[in-house]
Amino acid sequence: NNACFISITGRRSSYLMYPDENPKEEPLALAQRLGILPGGQWKPTNCQPYYNIAVILPYRNRWNQLTIFMNYIHPFLQLQNIDYRIFVIEQSQIKEFNRAKLFNIGFNEAIKTNDFHCFIFQDIDLIPQNLDNIYACTKMPRHMSSSVNTFRYNLPYTGLFGGAIALTRQQFETANGFSNIFFGWGGEDDDFYSRLQSRGYLVTRFGPDVAQYYMLTHKKEVPSHTRFTNLENGASRFDTDGIKDLKYEVLNYQLRPLYSWILVNI
Ligand code: BGN
């Protein structure tokens with residue numbers, strides 16, 4: 001009955017955390033030290049957690065970043081006293097990356113395992129730097145990464161809804177999830193923002209001092225050519241193209257020490 005203490009005070013806001021970009025600890029050793037269950041699950045045992053979340057991470061061919069991210073995010077979530085499980089959804093074939101569809105798949109697989117209340121959809125190259133940026137959902141869909149170092153900690157445009165976002169199951173289902181047709185870089189997050197707007201949702205953000213993220217370096221992606229047309233006629237597909245018509249094949253599913261790994265053919 002003793003609810004977990006959660007600090008959202010802003011007091012730490014002047015203190016920016018950074019990841020260890022060269023972590024040495026083996027996954028199994030880390031999982032044992034932090035009490036993480038197979039599949040990347042953990043919850044506080046000495047108090048009753050407020051939040052039960054699934055973290056959904058689309059993935060392909062970024063092993064080094066995944067290692068850095070895992071080493072950082074587990075202690076981070078544990079300090080926030082969150083009941084969580086981490087899912088890595090890996091796209092198999094040599095086709096352009098489809099971040100949005102991998103999010104839909106992650107959502108669909110996660111709800112089969114547990115009655116998650118809240119979903120964090122995020123990129124593995126984004127490291128939350130402030131512990132007050134709580135990994136939980138609010139009344140409105142929340143854009144969590146509004147203040148990223150590569151944008152000099154500024155929001156590039158008001159409708160940006162990429163990077164890291166938090167939505168309740170109900171919010172995500174009302175939007176019919178993401179569009180499945182965005183292959184390659186760009187636009188899928190803008191389309192998702194339009195979906196939320198079309199359903200009457202306003203989105204929220206924490207202050208820029210709390211919403212700070214550090215982006216791990218990588219080559220800049222080449223934007224896709226189809227993103228403009230997909231965006232333009234997006235509204236015609238809000239009801240039909242999403243989690244309702246989601247089709248994919250699970251090729252492999254493993255409970256790894258730090259996360260649940262699902263390899264999919266999309
Ligand atoms: C935008 C991209 C987003 C991306 C942000 C931040 C598009 C659609 C055509 C205008 N949108 O330009 O997907 O998250 O930049 O990098 O490319």
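Counting starts at 1 for both ligands and their atoms, in listed order. Excluded from the calculations below are hydrogen atoms, water molecules and symmetry mates; all remaining heavy atoms, backbone and side chain alike, are included.
- Atom 16 (O) of ligand 1 has Trp185 CZ2, 3.5 Å as its closest protein atom, hydrogens excluded (heavy atom only).
- Exactly one residue among Leu263, Asn265, Asn98, Asn61 makes a side chain to side chain contact (heavy atoms under 4.5 Å, CB included) with Gln91. That residue is Asn98.
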- Message: Before you tell me yes or no, could you show the steps for Val250 and Ile262 under side chain to side chain contact (heavy atoms under 4.5 Å, CB included), namely the whole-Å CA-CA distance, both residues' side-chain angles and the distance that decides it to 0.1 Å?
- Response: CA-CA 7 Å; Val250 173; Ile262 308 179; 4.0 Å; yes
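- Below 3.5 Å of separation, one finds an N or O of Gly187 facing an N or O of ligand 1.
- In summary, Glu96 and Arg227 do not engage in a salt bridge, as defined by a charged side-chain N under 4.0 Å from a carboxylate O.
- Protein heavy atom at the shortest distance from atom 11 (N) of ligand 1 is Asp190 OD2, 2.7 Å.
- Taking a cut-off of under 4.0 Å to the non-hydrogen atoms of Phe228, the atoms of ligand 1 that pass are 9 (C), 10 (C).
- Remark: minimum distance from atom 5 (C) of ligand 1 to any protein heavy atom is reached at Tyr157 OH, 3.6 Å.
- Within ligand 1, the atoms closer than 4.0 Å to a non-hydrogen atom of Leu160 are 5 (C), 6 (C), 14 (O), numbered from 1 in the order shown.
- A heavy-atom separation below 4.0 Å is found between Gly186 and ligand 1.
- Remark: aromatic rings of Phe172 and Phe121 are close, center separation under 6.0 Å.
- The existence of a salt bridge linking Arg99 and Asp123 is confirmed by a sub-4.0 Å separation between a basic side-chain nitrogen and an acidic carboxylate oxygen.
- Checking only distances, Arg227 does come within under 3.5 Å of ligand 1, N or O to N or O.
- One finds a salt bridge joining Arg199 and Asp239 here, because a Lys/Arg side-chain nitrogen approaches an Asp/Glu carboxylate oxygen to under 4.0 Å.
- A distance below 6.0 Å separates the ring centres of Phe76 and Tyr135.
- Summary of contacts: the protein heavy atom closest to atom 13 (O) of ligand 1 is Asp189 OD1, 2.6 Å.
- Residue contacts with ligand 1 for Phe161 are absent, since no atom lies close enough (heavy atoms, distance under 4.0 Å).
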